[in-house]
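Just below is one structure, and these are the notes that go with it.
Just so it is clear, the model here is predicted, and its values are computed rather than measured.
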Amino acid sequence: MTLKPMRLIAPLSLLALVACSQPPSTTPVAGAPSCKPTNAALNAAGTAATNRARSAAGLPQVRANTLLAQVAADHACDMARRGQMTHRGSSTSGPAERVKARGYDTRITAENIAAGPFDTRRVLSEWQKSPGHRANILLPQVDEFGIGRAVSADGRTQYWAAVYAAEK
């Protein structure tokens with residue numbers, strides 16, 4: 001498989017972030033990841049960070065959504081299993097298809113993803129600094145949010161997905 005160079009969104013040394021579906025410039029480890037459902041504390045932390053940015057921009061807050069968190073966690077696990085950071089899933093073309101398959105009647109869907117050796121605070125902070133990711137966070141139409149994480153086979157690389165959406 002040939003990997004295309006990733007367009008850098010922000011100068012980051014140990015962090016790979018993408019707001020579009022380009023593969024990372026390095027080859028992460030594929031294999032059996034550690035995948036767990038998103039717990040309430042993680043979803044609350046992601047929602048709070050999102051709402052701080054939205055409030056500062058004069059936008060209404062989003063609500064944590066358990067289904068969106070499940071979709072995000074499943075996608076993070078899929079990326080970790082494949083060792084590839086991408087919006088395209090193993091069997092889906094993107095986040096809208098994934099949420100619809102779970103019964104969410106989406107009007108709008110956006111997704112932020114990341115991969116690297118970092119914790120919740122760092123990924124939420126980096127998404128705020130990246131113009132493409134911040135644009136998703138500040139989409140005026142979204143009113144629900146969910147976040148998910150998986151740890152790759154190397155035990156260090158964490159894959160992240162956040163879904164921003166609104167139902168019809």
Practice prompt. Check whether any side-chain heavy atom of Phe118 lies under 4.5 Å from a side-chain heavy atom of Glu126, and answer yes or no.
Written response: no
Item to complete: Find out whether Thr50 and Ile147 are in side-chain contact, i.e. whether some heavy atom of one side chain is under 4.5 Å from a heavy atom of the other.
Response: no
Discussion item. Closer than 3.5 angstrom, by distance alone: can the side chain of Arg149 be matched with the main-chain N or O of Ala72 as a donor-acceptor pair?
Written reply: no
Item to complete: Measure the spacing between OG of Ser125 and CG of Asp119 and express it to the nearest 0.5 Å.
Response: 10.0 Å
Item to complete: Identify, with sequence neighbours excluded, every residue that meets salt bridge (Lys or Arg N to Asp or Glu O under 4.0 Å) alongside Arg98.
Response: Glu111
Item to complete: Please name all residues satisfying side chain to side chain contact (heavy atoms under 4.5 Å, CB included) with Thr66, sequence neighbours left out, ordered by chain then number.
Response: Gln70
Response to the item:
So CD of Gln61 and CD of Glu144: to nearest 0.5 Å the spacing works out to 13.5 Å
Worksheet item: Within a strict 4.5 Å, meaning less than it, do heavy atoms of the Gln158 and Val151 side chains meet?
Response: yes
Worksheet item: Which heavy-atom pair separates Trp127 from Ile113 by the least distance, and what is that distance?
Response: NE1-O, 3.4 Å
Worksheet item: For Arg134, which residues count as a salt bridge (Lys or Arg N to Asp or Glu O under 4.0 Å) partner, sequence neighbours excluded?
Response: none
In a table with atom names and distances, give each donor-acceptor pair under 3.5 Å that connects a side chain of residues 161-168 to protein atoms at least two apart or in another chain.
| from | atom 1 | to | atom 2 | distance (Å) |
| --- | --- | --- | --- | --- |
| Tyr164 | OH | Asn112 | ND2 | 3.2 |
| Glu167 | OE2 | Asp105 | N | 3.2 |

Worksheet entry | Residues that Asp143 engages under side-chain hydrogen bond (donor to acceptor under 3.5 Å, both in side chains), provided they are two or more places apart | none
Worksheet item: So, for Arg54 and Leu139, which heavy atoms are closest and what is the spacing to 0.1 Å?
Response: NH1-O, 2.8 Å
Practice prompt. Return the set of residues passing side chain to side chain contact (heavy atoms under 4.5 Å, CB included) with Ala69 (not counting sequence neighbours), or none when no residue passes.
Written response: Thr38, Asn43
Worksheet item: Val99, Val142: one ILVMFWY side-chain cluster at the under-4.5 Å cut-off?
Response: no
Discussion item. Ignoring hydrogens, what is the shortest heavy-atom contact between Leu67 and Asn65? Give both atom names and the distance.
Written reply: N-OD1, 2.8 Å
Practice prompt. Could you check if a side-chain atom of Pro95 sits within less than 4.5 angstrom of a side-chain atom of His75, using non-hydrogen atoms only?
Written response: no
Worksheet item: Which atom pair, heavy atoms only, marks the closest approach of Phe145 to Gly46?
Response: CE2-C, 3.3 Å
Fill in: Sidechain N-carboxylate O distance under 4.0 Å for Lys100, Glu97
no
Worksheet item: Is Val71 reachable from Ile108 through a run of I, L, V, M, F, W or Y residues, each pair having side-chain heavy atoms under 4.5 Å apart?
Response: no
Worksheet item: CZ of Arg156: more than 12 outside heavy atoms within 6.0 angstrom?
Response: no
Worksheet item: Is Trp160 reachable from Leu124 through a run of I, L, V, M, F, W or Y residues, each pair having side-chain heavy atoms under 4.5 Å apart?
Response: yes
Worksheet entry | N/O donor-acceptor pair under 3.5 Å between Arg81 side chain and Pro33 backbone | no
